[in-house]
Number of protein chains: 4
Amino acid sequence: MGGTMDGTKQRRRGDTRQRIQDVALELFAEQGYEKTSLREIAERLGVTKAALYYHFKTKEEILVSIFEDLTRPVEELAEWAGQQPRTLETKHEILRRYSEALRAAAPLFRFMQENQATVRELSIGDMFKSRLLGLRDILIDPEAELVDQVRSLSALFTLHAGMHVLQDVEGDPEDKHKAVLEVATDLITQAHRGARDS
Amino acid sequence: MGGTMDGTKQRRRGDTRQRIQDVALELFAEQGYEKTSLREIAERLGVTKAALYYHFKTKEEILVSIFEDLTRPVEELAEWAGQQPRTLETKHEILRRYSEALRAAAPLFRFMQENQATVRELSIGDMFKSRLLGLRDILIDPEAELVDQVRSLSALFTLHAGMHVLQDVEGDPEDKHKAVLEVATDLITQAHRGARDS
Amino acid sequence: MGGTMDGTKQRRRGDTRQRIQDVALELFAEQGYEKTSLREIAERLGVTKAALYYHFKTKEEILVSIFEDLTRPVEELAEWAGQQPRTLETKHEILRRYSEALRAAAPLFRFMQENQATVRELSIGDMFKSRLLGLRDILIDPEAELVDQVRSLSALFTLHAGMHVLQDVEGDPEDKHKAVLEVATDLITQAHRGARDS
Amino acid sequence: MGGTMDGTKQRRRGDTRQRIQDVALELFAEQGYEKTSLREIAERLGVTKAALYYHFKTKEEILVSIFEDLTRPVEELAEWAGQQPRTLETKHEILRRYSEALRAAAPLFRFMQENQATVRELSIGDMFKSRLLGLRDILIDPEAELVDQVRSLSALFTLHAGMHVLQDVEGDPEDKHKAVLEVATDLITQAHRGARDS
DNA sequence: AATGAATGAGCTTTCATTCAT
DNA sequence: AATGAATGAAAGCTCATTCAT
């Protein structure tokens with residue numbers, strides 16, 4: 001009060017919306033969506049619950065807004081992928097870019113991974129599904145042998161689960177990331193070859 | 001009243017505990033643990049909420065009891081595995097038996113897969129972790145290259161996720177099961193060879 | 001606590017549902033439906049809000065249950081009326097019995113009179129409308145002159161409003177009741193004659 | 001911004017207060033006072049809630065201002081009536097002018113009719129009561145027989161309720177209006193005669 | 001083996017209102 | 001003449017849990 005304000009209060013001007021999203025995602029990822037109450041989010045931010053409702057219409061909308069902001073890269077990737085030929089090169093590129101997108105929005109994807117039951121009931125469930133179907137259709141050849149289809153799926157699982165699970169394992173994050181991508185790429189490659197040869 | 005009544009009412013005598021577990025698991029798997037209320041479970045069974053408390057001390061205990069009953073095979077497998085030599089043959093056998101255990105208790109594992117955030121906060125989180133660590137330690141050689149460690153993990157992911165995700169895909173369930181197991185076995189084999197050769 | 005319980009606590013056993021309805025109607029009539037909160041009702045009864053929800057699913061259901069219990073006589077009257085010939089005698093009898101029904105459930109009808117906007121939006125609005133339409137169709141001849149139709153309506157208004165407004169006027173309640181009924185009967189008679197003569 | 005802009009934006013300059021009143025009355029009449037939120041009013045107008053507070057101190061003040069503007073004719077009528085002799089002619093004239101006033105401000109009176117419980121708790125309740133007492137005292141002879149007092153009241157009810165209820169009935173509005181007035185006049189006349197003869 | 005009645009804590013959401021700009 | 005941001009209070013409702021019977 002008084003003097004040249006420059007501290008936290010000042011910097012927070014106008015970025016409340018963003019701060020809500022940050023805190024919310026942190027808590028959602030940590031405790032799950034249902035176990036995180038708006039009271040908790042508001043308290044962490046030092047505002048009232050009602051303030052959240054100034055910025056977002058519902059609790060779900062907070063999550064949706066986070067989702068929309070953070071999955072834009074995936075959306076773009078899916079669009080791009082839809083226009084590529086179904087070559088092995090394309091598939092590799094998709095995995096590379098997808099793993100990058102996952103990394104960039106790790107907390108969100110960890111949340112989605114660990115709260116699938118919740119996500120399924122919310123609107124983002126459908127959004128994400130449709131967003132992923134594009135990639136799936138490129139990566140997986142419906143004509144291929146079942147084993148190879150599974151291999152392709154497995155590549156995706158590996159990417160998704162890999163990052164979260166490997167957090168417990170010691171080692172350089174960059175190395176782990178590369179290892180995960182390598183395994184996924186291997187799987188896709190085998191699947192692709194299989195489809196060719198059959 | 002009195003006499004030799006048979007039929008549904010009669011047959012249900014004494015199996016209420018079991019019926020609670022069945023309905024609870026069904027709902028937990030379908031909607032998630034937090035979104036499933038005891039009221040809902042009781043209503044489906046045609047009893048009152050208080051009746052649930054005659055059989056179980058808390059909501060969590062319902063889940064724990066289901067978990068304990070259904071993961072006993074996994075526990076036994078882990079015990080058995082701990083005494084085996086770390087050969088490729090052993091690893092294959094573990095995957096085979098583990099995938100069988102997953103299949104036998106599919107709804108529970110689907111639940112755990114889709115509610116990781118919840119499970120982590122409950123006591124079954126720790127139980128399961130410790131139960132799985134045995135398998136993990138056999139399957140994954142901590143001395144192996146990172147890529148091969150990832151491959152082994154990937155084998156597990158594939159088993160876990162494979163069954164649920166493949167439900168959408170058309171095809172004979174038995175075939176799908178075999179395909180998933182084959183991919184997992186392949187991954188483990190590669191990982192094992194890698195470890196040998198390095 | 002201890003000894004031979006006989007007091008209020010004892011008498012209240014099992015009649016909570018009824019007591020909720022009583023208190024609710026009193027408050028609804030006094031302050032209106034929206035301005036009466038469940039907290040207020042619960043406090044007056046010395047129970048918690050949650051107790052109300054044991055007995056009724058929603059706030060509206062409390063009102064609906066009161067309505068259903070108290071308007072049964074009107075329903076029966078409407079049924080009876082539907083099977084009578086459209087004579088002046090019938091009309092007089094309807095007014096007599098209707099005014100009796102209104103008197104028996106005075107607080108409810110006062111509430112409905114003074115909260116029409118609210119009632120219209122709730123389900124009881126439709127219920128009441130349909131329940132009244134029967135009477136209306138008997139009392140009002142659609143072929144009659146407009147003035148006479150208005151006269152019939154006016155008879156109903158008089159009955160409805162009469163009781164509440166006359167509370168401010170001094171005088172024996174019985175006398176007032178008779179006076180209101182007489183005016184209503186007069187109006188109906190004029191309307192009936194008009195219809196005959198035209 | 002500067003210049004000679006005309007059109008909607010321009011025409012609305014300065015009449016925001018009026019527009020608030022219009023929209024508010026419309027919503028109050030449609031949904032009731034409590035169920036109409038300031039947010040709703042503001043949204044319909046395309047302004048913020050805070051803008052309402054520039055023009056009115058409270059929600060109630062919006063209603064009061066509407067009331068004051070629209071009931072001025074009734075106030076004047078009451079004043080005029082107070083100075084007239086208590087002849088039948090005067091009474092007829094009052095009904096005629098009152099019914100005209102009701103018609104001119106129909107939405108407001110519909111609102112007051114359908115939200116009596118609310119109105120009673122607000123300041124306009126008292127205002128209106130005192131404003132009406134003048135008319136009442138002229139129309140109703142406290143010395144008259146109870147039946148005739150009721151008849152006079154009935155004349156007022158008829159005027160009040162008639163317009164709203166008759167909206168459902170088919171027919172020329174002008175005709176309906178006349179019919180209502182005729183019935184009211186009839187009632188007052190009978191009441192007046194009764195008083196004379198007793 | 002189970003019910004009826006109730007509680008306490010908590011939830012998401014809405015509202016009228018304020019105030020610096 | 002109006003907005004953007006926020007608040008405090010309260011609302012309706014749900015939940016897991018308890019306990020006497």
Side-chain angles (χ1 to χ4, degrees), chain A residues 12-17 20 33-42 45-62, chain B residues 12-17 20 33-42 45-62, chain C residues 12-17 20 33-42 45-62, chain D residues 12-17 20 33-42 45-62:
Chain A
R12 274 163 183 180
R13 253 308 152 60
D15 62 349
T16 302
R17 197 189 140 94
I20 293 173
Y33 177 77
E34 353 257 352
K35 299 250 308 181
T36 302
S37 71
L38 296 184
R39 179 183 54 67
E40 213 173 346
I41 297 174
L45 285 167
V47 298
T48 60
K49 272 181 292 170
L52 306 185
Y53 280 91
Y54 176 74
H55 294 281
F56 301 95
K57 270 211 286 283
T58 63
K59 183 184 179 184
E60 185 172 350
E61 224 210 59
I62 299 180
Chain B
R12 274 165 182 177
R13 260 290 164 78
D15 64 347
T16 302
R17 198 188 138 93
I20 293 172
Y33 176 77
E34 349 260 352
K35 298 250 307 183
T36 301
S37 69
L38 296 184
R39 179 179 56 65
E40 213 173 346
I41 297 174
L45 285 167
V47 298
T48 59
K49 270 186 293 171
L52 307 185
Y53 279 89
Y54 178 79
H55 294 281
F56 300 95
K57 271 213 287 286
T58 63
K59 183 185 180 184
E60 185 172 351
E61 226 210 58
I62 298 180
Chain C
R12 275 165 183 177
R13 255 304 152 64
D15 62 347
T16 303
R17 197 188 139 92
I20 293 172
Y33 176 77
E34 351 258 353
K35 297 250 310 180
T36 301
S37 70
L38 296 184
R39 180 183 54 67
E40 213 172 348
I41 298 174
L45 285 167
V47 298
T48 59
K49 269 183 295 169
L52 306 185
Y53 280 93
Y54 176 75
H55 294 280
F56 300 95
K57 269 210 288 283
T58 62
K59 183 184 181 185
E60 184 172 350
E61 224 211 58
I62 298 180
Chain D
R12 275 165 180 178
R13 259 288 165 75
D15 62 349
T16 301
R17 198 189 138 93
I20 293 172
Y33 177 77
E34 348 259 354
K35 297 249 309 182
T36 302
S37 70
L38 296 185
R39 180 180 53 67
E40 213 173 345
I41 298 175
L45 285 167
V47 298
T48 59
K49 273 186 289 172
L52 306 184
Y53 280 89
Y54 178 80
H55 294 281
F56 300 95
K57 269 214 287 285
T58 64
K59 183 185 180 184
E60 186 172 351
E61 226 210 59
I62 298 180

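To find a chain, count down the sequence lines: A is the first, B the second, and so on, and within it residues start at 1.
One finds the CG atom of B:L38 at 5.5 Å from the CD1 atom of B:I62 (value rounded to the nearest 0.5 Å). In this structure, OG in C:S37 is found 8.0 Å from NZ in C:K49, a value given to the nearest 0.5 Å.
Two residues are said to be in side-chain contact when any heavy atoms from C-beta on lie closer than 4.5 Å; D:T16 and D:L45 fail this criterion.
Minimum heavy-atom separation, D:T48 to D:A42: C-CB, 3.7 Å. Of all heavy-atom pairs spanning C:K35 and C:E40, the tightest one is O-OE1, 3.8 Å.
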Donor-acceptor pairs under 3.5 angstrom involving side-chain atoms of residues 53-60 of chain C: please list them, not counting sequence neighbours.
residue	atom	partner	partner atom	Å
C:T58	OG1	C:E60	N	3.4
C:T58	OG1	C:E61	N	3.0
C:K59	NZ	C:Y33	O	2.9
C:K59	NZ	C:T36	O	2.9
C:E60	OE2	C:S123	N	2.9
C:E60	OE2	C:S123	OG	3.1

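In this view, C:R39 and C:E43 satisfy the salt bridge (charged side-chain N to carboxylate O under 4.0 Å, His left out) rule, not counting sequence neighbours.
Remark: A:H55 is in phosphate contact with F:dA6, judged by side-chain N or O atoms under 4.0 Å from OP1 or OP2. Between E:dA2 and B:T16, a contact under 4.0 Å exists linking OP1 or OP2 to a side-chain N or O.
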- Message: Let's test your reading of the pairing rules: Watson-Crick or G-U wobble, both distances under 3.5 Å, then write DNA chain F as a dot-bracket string with ( ), [ ], | and dots.
- Response: .||||||||||||||||||||

- Treat primed atoms plus P, OP1 and OP2 as sugar-phosphate and everything else as base, then score nucleotides 7-14 of chain F 5' to 3': B for base contact with protein heavy atoms under 4.0 Å, S for sugar-phosphate contact only, - for none. BB-BSBBB

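Here the P atom of nucleotide F:dA1 and the CZ atom of D:F56 are 13 Å apart, to the nearest Å.
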